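Owing to the predicted nature of the structure, the values given are computational and were not obtained by experimental measurement.
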Amino acid sequence: MRSITTLDLQYAHRFYGFKGEAQYLHGHTGILTLEVEDTVNAGVNMVFPCNEIQKTAWEVLKNFDHATILREDDPLLPALLGVYEAQGIKDGAPNNTMKGPAFKTELATAYPECRLVVTKETMTVEGMIKIVYDLLKDKLNIVKITFTSGVNAASEEFKPQRTMERCPLCGIALDENGVCPKCGYRK
């Protein structure tokens with residue numbers, strides 16, 4: 001069975017080198033749908049609490065919200081960083097509170113202090129799915145990701161990686177010591 005949750009992401013990007021409207025910097029509201037699969041946890045009668053899926057995913061994915069997402073070879077990147085430097089916000093500002101921990105993967109690098117994600121490939125809906133799966137595959141038993149941005153949408157299914165031991169009291173994954181990080185239950 002699956003638990004399904006969605007997250008909204010507001011972001012700006014462009015398709016550098018693309019011949020069409022998307023070559024211009026523009027913004028989107030993206031809707032990310034995550035489907036997590038496992039057995040139904042008898043203690044709480046659910047696969048995984050949807051609010052916990054959101055918390056786990058949002059911790060990393062909030063770096064994409066209200067961010068500019070540019071490919072690593074985009075000439076706008078140094079210009080953007082130069083403007084942020086001149087404004088004194090490249091290393092953060094007091095009102096920049098919606099940020100997760102910085103990350104660096106083969107596909108993307110997040111610079112939360114300047115609300116920027118730099119990608120290896122053009123950030124399309126298909127590209128976002130690859131990035132999200134790479135970031136969350138070890139945290140959630142993801143079997144499907146759908147990303148919709150404007151009139152564009154893509155979806156990909158994945159083989160379940162594992163069964164996660166979950167708390168019988170609240171349903172979230174137990175840590176490596178068999179302890180629930182939410183309620184303190186010990187296996």
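Residues Trp58 and Leu7 have side chains in contact (heavy-atom distance under 4.5 Å, counting atoms from C-beta outward). A 4.5 Å side-chain heavy-atom check between Ile131 and Thr105 finds every atom pair outside the cut-off. Counting heavy atoms from C-beta on, the side chains of Lys187 and Glu165 come closer than 4.5 Å. Taking the side chain as every heavy atom from C-beta outward, Leu81 and Lys90 approach each other to under 4.5 Å. Side-chain contact between Asn152 and Thr124 is absent, with no heavy-atom pair separated by less than 4.5 Å. The shortest side-chain heavy-atom distance between Leu77 and Val118 falls under the 4.5 Å cut-off. Contact check for Tyr84 versus Thr68: side-chain heavy atoms found under the 4.5 Å cut-off. Side-chain contact check for Pro160 versus Asp38: every heavy-atom pair is 4.5 Å or farther apart.
In this structure Glu21 satisfies the side chain to side chain contact (heavy atoms under 4.5 Å, CB included) test together with Tyr24, sequence neighbours excluded. Every side chain to side chain donor-acceptor pair (under 3.5 Å) that Thr122 has, sequence neighbours left out, goes to Arg71. With sequence neighbours excluded, the residues that form a side chain to side chain donor-acceptor pair (under 3.5 Å) with Glu113 are Lys99. With sequence neighbours left out, Asn95 forms a side chain to side chain contact (heavy atoms under 4.5 Å, CB included) with Ala93. Evaluation of the salt bridge (Lys or Arg N to Asp or Glu O under 4.0 Å) rule for Asp134 yields Lys137 as partners, not counting sequence neighbours. Under the side chain to side chain contact (heavy atoms under 4.5 Å, CB included) criterion, Leu169 pairs with Cys167, Cys183, Tyr185, not counting sequence neighbours. Remark: Thr29 pairs with Gln10 by the side chain to side chain donor-acceptor pair (under 3.5 Å) rule, at least two apart or across chains. Applying the side chain to side chain contact (heavy atoms under 4.5 Å, CB included) criterion to Pro75, with sequence neighbours excluded, gives Arg14, Tyr16.
In this structure, CD on Glu156 lies 10.0 Å from CD on Glu126, to the nearest 0.5 angstrom. Taken to the nearest 0.5 Å, the OH atom of Tyr111 stands 5.5 Å off from the NZ atom of Lys104. If you take OG1 on Thr56 and CG on Leu34, they are separated by 10.0 Å, rounding to the nearest 0.5 Å. Separating the CD atom in Gln23 from the NZ atom in Lys19 is a distance of 6.0 Å, to the nearest 0.5 Å. To the nearest 0.5 Å, the span separating CG on Leu25 from CG on Leu80 amounts to 8.5 Å. Here the CG atom belonging to Leu9 is positioned 12.5 Å from the NZ atom belonging to Lys62, to the nearest 0.5 angstrom.
Here Val151 sits alone; no ILVMFWY side chain lies under 4.5 Å from its own, so it joins no hydrophobic cluster. Here Phe15 is tied into one hydrophobic group with Phe18, each link being a pair of ILVMFWY side chains closer than 4.5 Å.
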Throw together a table of side-chain donor-acceptor distances under 3.5 angstrom for residues 138-147, partners on residues two or more places apart or in other chains.
from: Asn141; atom 1: OD1; to: Gln161; atom 2: N; distance (Å): 2.9
from: Asn141; atom 1: OD1; to: Arg162; atom 2: N; distance (Å): 3.3
from: Asn141; atom 1: ND2; to: Glu37; atom 2: O; distance (Å): 2.7
from: Asn141; atom 1: ND2; to: Arg162; atom 2: O; distance (Å): 2.6
from: Thr146; atom 1: OG1; to: Ser155; atom 2: OG; distance (Å): 3.0

Can you give each donor-acceptor pair under 3.5 Å made by side-chain atoms of residues 175-182, sequence neighbours left out, with the distance rounded to 0.1 Å?
from: Asp175; atom 1: OD1; to: Asn177; atom 2: N; distance (Å): 2.8
from: Asp175; atom 1: OD1; to: Gly178; atom 2: N; distance (Å): 3.2
from: Asp175; atom 1: OD1; to: Val179; atom 2: N; distance (Å): 2.9
from: Lys182; atom 1: NZ; to: Glu52; atom 2: OE2; distance (Å): 3.1

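Of all heavy-atom pairs spanning Arg115 and Asn96, the tightest one is CD-OD1, 3.0 Å.
Around the CD atom of Glu106, the shell of radius 6.0 Å holds no more than 12 heavy atoms that belong to other residues, nucleotides or ligands.
Taken together through direct or relayed side-chain contacts under 4.5 Å among Ile, Leu, Val, Met, Phe, Trp and Tyr, Leu107 and Leu70 form parts of separate hydrophobic clusters.
Taking the six-membered ring where tryptophan is involved, the planes of His13 and His28 are perpendicular, since the angle between them exceeds 60° and thus also 30°.
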